Amino acid sequence: MLETEALKSLYEKHCKHGFQYIYGTAGFRYKADVLDTVMFTTGVLAGLRSLYLNGQTVGVMVTASHNPPEDNGVKIVEPRGEMLEQSWEKYATELANCASQSYSSFETKLQELVVTLKVDTKKSGGIVVARDSRESGPHLVSAFKAGAQVLPTVKIIDYGILTTPQLHFLTSKTNELPEGAEIGEQLYYQELLSAWDQVTDLCGIKSLPFHLQIDAANGIGGPKVMEMLSQSDFFSGAYEVVNADWQTYAALNHLCGADFVKTNQKLPHGISSSGNQAANQISCSFDGDADRIVFYYCDAMGHFRLLDGDKMATLFAKFFQDLLHQAGLQDAIEMVAVQTAYANGSSTHHLEKVLGATVKCTSTGVKHLHHEAVKSDIGIYFEANGHGTVIFSTKFVDTVNQRLAASTQDISKSHKALQLLKLFTKLINQTVGDAISDMLAVLAVLSILNWTPQKWDQEYTDLPNRLLKVSVPDRTLFKTTNAERQLVSPAGLQQKIDVLVSKFDKARSFVRASGTEDAVRVYAEAASRAQADSLASMVGTIVE
Ligand code: NG1
Ligand code: ZN
């Protein structure tokens, strides 16, 4: 570790005083101009994490996802690509807030962490870092790197601009592959495209049954998905990318992208309803860092129809359930669908009552869903907003491999089902929700099932719902229980919500503080659009 003088000089160059930070739903996320200090301390903390994990490489992503262009943020990724171990969020917050107080407070906290965590600062470690396309990114990455220099034995690789899932993928590959292996973006494209080609070859799919429109939210997903698809003969002429202006900073997430489409339940700028009415047309929107995706189309009347994270979860649940049956694995392999309170009631009903699947509900934020999903052999987890993935256990992989080795009838249905199960473990980025990989997986499932977007949509009908953002003086007063479905504070508020809910049909509503924005979110669903809207607005009023 650096000597006091060098440490102090770096600190003074990068840290400012006075701001209070919290490691939230997806790391630290604020207006970019207050982030220098926390970038610096996250550099230190990521180094400590790597040393604590015996030198394994940890990842760091500088992004504020779907937030407006003036925001930014940072999060730490575990060596296998998962979100930072929860017990360390506290250390990240404490170190940032001490640095925000004074140099001596920062130094004392740093020494204390080194001792408490028994970190040997002479050993070597590694960090891989990347950022999304925001204007503030390069400056914030410099502050981060300065923090990482506090532990000079920790080596940093800067991948420049990537999507969030690419950074997760490369973090995991850095730890998995032998030293000297060529690790970079290209590996990501090759793995996904190779899985795609094998799936489509196996199923005799020669071309995409739809014309595909991709709204890239004017974020980094645009150039990355174009780079990948330009390498594929299969996709040649089959798609078009709109809102790909990632170099105009102010355009990021503006009137487009997954969050805009999901929240406003309408088409993004740049995609028209006329082009979307044909049965062979499907559109999708990524968010700013391409870890979320929602699909949509327009029905014959020209009405916008959303195919969100809940629809993806049910699509994958049905698909994997069918494959497990065909492979004779329905009793050997356990599958679970993990949702949050924001999942539409109809999707939960469909999963449980129609598909007979096991459904679990967790708090918001993929780290919570992931944590629950890893307990099963196939864990399908999606937030309604389109953030999610499918993960497969080691037992699943071993079982499929053993059955494949024992299966000699290459042309049988069960053999093909086993092959497909195996290939989907490669097509899906299991480290984190990934717009590009989820897009390929959904397109593959629809092509294999020979489903149109309309057929997919008709599996169940969403209950009309409304999500509102309400500004309050202090959102930290809003505390919840029961996977965030009920408030315990402010006192008496939940009872008032319950009274309002009881006045509507098939209604549900809940309130929680956002972990990424300075606001409280109100969700309401009910039997009709008018009822969902009135309930949301009434609850919004009593929350203010
Ligand atoms: P918050 O701001 O805590 O509601 C939002 C999303 C989460 C998750 C995170 C991280 C909703 C209602 N909330 O969290 O699902 O995606 O951002 O980006 O969509
Ligand atoms: Zn995102």
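What you see is a predicted model, and the numbers here were worked out from it, not measured in a lab. Order of appearance sets the numbers: ligands from 1, and atoms from 1 within every ligand.
A cation-pi contact, defined as under 6.0 Å to the ring centre and within 45° of the axis, is absent between K266 and F260.
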Run the numbers on K224 and E185 for salt bridge (Lys or Arg N to Asp or Glu O under 4.0 Å), then give the verdict. CA-CA 9 Å; K224 301 302 181 186; E185 257 175 83; 3.1 Å; yes
Output, in order, the C-alpha distance, side-chain angles, deciding distance and verdict of salt bridge (Lys or Arg N to Asp or Glu O under 4.0 Å) for K506 and E525. CA-CA 8 Å; K506 291 193 180 166; E525 66 182 33; over 6 Å; no
K367 and E89: CA distance, side-chain angles, deciding distance, salt bridge (Lys or Arg N to Asp or Glu O under 4.0 Å) verdict: CA-CA 12 Å; K367 60 189 177 194; E89 293 179 2; 2.9 Å; yes
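D289 and S65 share a side-chain donor-acceptor pair at under 3.5 Å. Side-chain N/O atoms of Y342 and D308 include no donor and acceptor closer than 3.5 Å.
Taking the six-membered ring wherever Trp is involved, the centroid distance between the rings of F424 and F316 does not fall below 6.0 Å.
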I'd like a table of donor-acceptor pairs (distance under 3.5 Å, sequence neighbours excluded) in which one partner is a side-chain atom from residues 27-45, with atom names and distances.
from: R29; atom 1: NH1; to: N67; atom 2: OD1; distance (Å): 3.1
from: Y30; atom 1: OH; to: I22; atom 2: N; distance (Å): 2.7
from: Y30; atom 1: OH; to: I22; atom 2: O; distance (Å): 3.3
from: K31; atom 1: NZ; to: D71; atom 2: OD1; distance (Å): 2.7
from: D36; atom 1: OD1; to: H139; atom 2: NE2; distance (Å): 3.4
from: D36; atom 1: OD2; to: H139; atom 2: NE2; distance (Å): 2.8
from: T37; atom 1: OG1; to: K16; atom 2: N; distance (Å): 2.9
from: T37; atom 1: OG1; to: K16; atom 2: O; distance (Å): 3.2
from: T41; atom 1: OG1; to: T37; atom 2: O; distance (Å): 3.4
from: T41; atom 1: OG1; to: V38; atom 2: O; distance (Å): 3.2
from: T42; atom 1: OG1; to: V38; atom 2: O; distance (Å): 2.5

Please tabulate, one line per pair, the protein nitrogen or oxygen atoms found under 3.5 angstrom from a nitrogen or oxygen of ligand 1, with distances to 0.1 Å, or say none if there are no such pairs.
from: ligand 1; atom 1: 2 (O); to: S514; atom 2: OG; distance (Å): 2.5
from: ligand 1; atom 1: 2 (O); to: G515; atom 2: N; distance (Å): 3.4
from: ligand 1; atom 1: 2 (O); to: T516; atom 2: N; distance (Å): 3.3
from: ligand 1; atom 1: 2 (O); to: T516; atom 2: OG1; distance (Å): 2.5
from: ligand 1; atom 1: 2 (O); to: R521; atom 2: NE; distance (Å): 3.4
from: ligand 1; atom 1: 2 (O); to: R521; atom 2: NH2; distance (Å): 2.6
from: ligand 1; atom 1: 3 (O); to: T25; atom 2: OG1; distance (Å): 2.8
from: ligand 1; atom 1: 3 (O); to: R512; atom 2: NH2; distance (Å): 2.8
from: ligand 1; atom 1: 3 (O); to: G515; atom 2: N; distance (Å): 2.7
from: ligand 1; atom 1: 4 (O); to: R512; atom 2: NH1; distance (Å): 2.8
from: ligand 1; atom 1: 4 (O); to: R521; atom 2: NE; distance (Å): 2.6
from: ligand 1; atom 1: 15 (O); to: E383; atom 2: OE1; distance (Å): 2.8
from: ligand 1; atom 1: 15 (O); to: E383; atom 2: OE2; distance (Å): 2.8
from: ligand 1; atom 1: 15 (O); to: N385; atom 2: ND2; distance (Å): 2.8
from: ligand 1; atom 1: 16 (O); to: R292; atom 2: NH2; distance (Å): 3.2
from: ligand 1; atom 1: 16 (O); to: E383; atom 2: OE1; distance (Å): 2.9
from: ligand 1; atom 1: 16 (O); to: N385; atom 2: ND2; distance (Å): 3.3
from: ligand 1; atom 1: 19 (O); to: N385; atom 2: ND2; distance (Å): 2.8

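Pairs engaging residues 475-500 under the salt bridge (charged side-chain N to carboxylate O under 4.0 Å, His left out) rule: R475-D518, E484-R512 [sequence neighbours left out].
Residue-and-atom listing of protein N/O/S atoms under 2.8 Å from the Zn ion (ligand 2), sorted by chain and number: S65 OG, D287 OD2, D289 OD1, D291 OD1.
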